[in-house]
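Residue numbers start from 1 in every chain, and the chains themselves are labelled A, B, ... in the order their sequence lines are given, proteins ahead of strands.
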There are 2 protein chains.
Amino acid sequence: MANNQSSPEAGVGPDRKAALNHTLRHRILTMQIAPGSVLDEVALSEEFGLSRPPVREAMRQLAGEGFIELEANRPARVTSMSYQSLRDFFLIAPMIYVAATRLAAEHASKADIAGLREIQDSFRDAVHSNDVDGRVFYNDKFHLRVGEIANNAYILPSLRRLLIDHARIGKIFYRPSNARMLEELHEASRQHDEIIDAIANHDADRAEVLIRAHLDLSRKNMAMYAAPEGMAISLGV
Amino acid sequence: MANNQSSPEAGVGPDRKAALNHTLRHRILTMQIAPGSVLDEVALSEEFGLSRPPVREAMRQLAGEGFIELEANRPARVTSMSYQSLRDFFLIAPMIYVAATRLAAEHASKADIAGLREIQDSFRDAVHSNDVDGRVFYNDKFHLRVGEIANNAYILPSLRRLLIDHARIGKIFYRPSNARMLEELHEASRQHDEIIDAIANHDADRAEVLIRAHLDLSRKNMAMYAAPEGMAISLGV
DNA sequence: TGAGTGCATCTTGTCTACAAAAAGTAGACT
DNA sequence: AGTCTACTTTTTGTAGACAAGATGCACTCA
């Protein structure tokens, strides 16, 4: 156990396994590790002061959530993205996001709202301070929390999967030089606030309108890639 | 179908790990292992002739797909079901099933259709021979294959999660003595055939109508025959 | 007698070492 | 000279043993 110092974020600690999970997620979401990259088990185990078995367990878990892809006798690779996946994303995202947001509006408690506002505060700060990774990270946390508030075990899996690529798309198409894009980030932040208000008021219809507008904003930013319109499938029977 | 009861193929084999995965899924889907049950690592490792690490890896993977639930320093338990999860299921299932089936209708190739028909043949056989587990298993395989044909990475996670409980609901509310339920199973089988036809004709609209009717049939069976008997689902806490 | 505490036991979590499979490389043969 | 093959190297997969945490029981003490 010679060099635990060389690792910046984690190398020692009570729960190094949680650190591994957390850090890997963060790196994949912010594309510090690019889609398609190979993850070396020994390198990770050394960096986080773990042996390979717990690292392998974490890999399996991440694979189950769609962060990475595993193949027998081959190295783990970060889930890849393609032009096709971009189309697939904007085809399905509205349906899932709308469903999650509507359900959240129906179920949210006062504590849920408080939790959302806390995350949104961090998101707003990241936007205003031009912290790109922070913005991506807290945007992910925001929508994931909405999904948790929705409190429906069947919608969360797809929402989780969508959020992974939502984060990465947000990084891929970010152009810091573009002033209009910056303005639209502030608009997105305001939309978050409005979504929280709608959820707090248990106004599912308004929440749906807002979340659709929220996604449209993202889609417009990458209109050059001809992202398709979402499927119009209503929730409920 | 291949009936994996106690331990016929366990112990030896070229890919005991695949056998473990496969068998565990099957047991959970058919409720040979009840929701809420604990899974003992050493028992499984002994049954399948593996050591604990690969068993633990398999558990992580199954947890990621929603078959089991893991908690730190506590035994793995089969994902529980409740009255609430029933409501949640029928709230979300139409949306996801419809989306998957519509997409499948748009993307299906001749080979896809052939694969579907093969699965449906097994399903029909299971229905006609009153093989309850086989029926549940091949129904799961059928809808999962439809989801794979849809070829959209973002809809599959929720579909997978839904199918787990779809299978278990199908077993919970099955009443072999009820003649009308038997007739409705045959109706479900005919619906499968029609769904395949619609997909083969790339008729998304018709496929949607059919899949909605298919789900309504399941829902009616529950309401009619299960509810009167008192909702005796003692599954999981 | 009841409640709290310490111990025994079992289960989960982790580590080191070994086995197997794939990839890359050098050599020999055609 | 090119290609096939055998070997070396690297990486993944597995095994068995050890450590840590949790649970249940018995025992002690008020």
Side-chain angles (χ1 to χ4, degrees), chain A residues 1-7 9-25 27-28 33-34 36-65 67-80, chain B residues 7 9-25 27-28 33-34 36-65 67-80 236-237:
Chain A
M1 315 308 172
N3 45 5
N4 275 343
Q5 289 181 333
S6 58
S7 47
E9 282 140 330
V12 77
D15 51 356
R16 329 184 285 270
K17 196 171 176 179
L20 167 66
N21 262 284
H22 197 263
T23 305
L24 267 186
R25 281 163 208 268
R27 285 181 187 168
I28 292 173
I33 312 178
S37 301
V38 168
L39 294 178
D40 185 20
E41 294 178 0
V42 297
L44 287 172
S45 62
E46 283 170 5
E47 179 181 358
F48 290 89
L50 287 162
S51 64
R52 282 178 49 232
V55 171
R56 288 170 59 85
E57 285 185 20
M59 303 264 243
R60 284 292 177 121
Q61 180 170 348
L62 289 173
E65 297 178 35
F67 285 89
I68 63 179
E69 289 169 341
L70 297 178
E71 219 172 338
N73 294 322
R74 263 178 199 79
R77 298 186 317 147
V78 175
T79 301
S80 58
Chain B
S7 56
E9 81 291 299
V12 289
D15 49 358
R16 327 185 287 268
K17 196 171 175 179
L20 167 65
N21 262 283
H22 198 261
T23 306
L24 267 186
R25 283 164 205 268
R27 286 182 185 167
I28 293 173
I33 313 178
S37 304
V38 298
L39 295 176
D40 185 20
E41 294 178 0
V42 297
L44 287 172
S45 62
E46 282 171 5
E47 180 181 356
F48 290 90
L50 288 161
S51 62
R52 281 178 51 229
V55 171
R56 287 171 60 84
E57 285 186 20
M59 303 262 245
R60 285 292 177 121
Q61 181 170 348
L62 290 173
E65 296 177 35
F67 284 89
I68 63 179
E69 290 169 340
L70 298 178
E71 220 173 336
N73 294 321
R74 256 173 210 83
R77 290 156 52 100
V78 175
T79 301
S80 57
V237 181

Exercise for review: Please list, chain by chain and in numerical order, all residues satisfying salt bridge (Lys or Arg N to Asp or Glu O under 4.0 Å) with A:R77, sequence neighbours excluded.
Suggested key: none
What pair of heavy atoms forms the shortest contact from [X] to [Y], and how long is it?
X: A:P75; Y: A:V38; result: CB-CG1, 3.5 Å
X: A:L39; Y: A:L44; result: CB-CD1, 4.3 Å
X: B:L24; Y: B:I33; result: CD2-CD1, 4.0 Å
X: A:N21; Y: A:A58; result: ND2-CB, 3.9 Å
X: B:L70; Y: B:A76; result: CD2-CB, 3.3 Å

**Study point:** Straight-line distance of B:L20 CG to B:R25 CZ, nearest 0.5 Å
**Key:** 9.5 Å
Check your understanding: Is there a donor-acceptor pair closer than 3.5 Å between any side-chain N or O of B:R16 and the backbone N or O of B:G49?
Key -> yes
Study note, to complete from the structure: Contact span of DNA chain D against chain B, any nucleotide atom under 4.0 Å from a heavy atom, 5' to 3', runs D:dT14 to D:dT23
Within this structure, what is the [atom1]-to-[atom2] distance between [X] and [N], rounded to whole angstrom?
X: B:E46; N: C:dC10; atom1: CD; atom2: P; answer: 14 Å
X: B:E41; N: C:dC10; atom1: CD; atom2: C1'; answer: 12 Å
X: B:E71; N: C:dT12; atom1: CD; atom2: P; answer: 13 Å

Revision key, fill the gap. So, with a heavy-atom separation below 4.0 Å from DNA chain C, the residues of residues 57-65 of chain B are none
Within the sub-3.5 Å range, which N or O atoms of nucleotides 17-22 of chain C have a protein N or O partner, and how far apart are they?
none

Review point. Looking only at side-chain N and O atoms, does A:K17 come under 4.0 Å of OP1 or OP2 in C:dG13?
Key: no
**Study point:** Set of side chain to side chain contact (heavy atoms under 4.5 Å, CB included) partners for B:P53, sequence neighbours left out
**Key:** B:S51
**Study point:** By side-chain hydrogen bond (donor to acceptor under 3.5 Å, both in side chains) - contacts of B:E41 (at least two apart)
**Key:** B:R52, B:R56
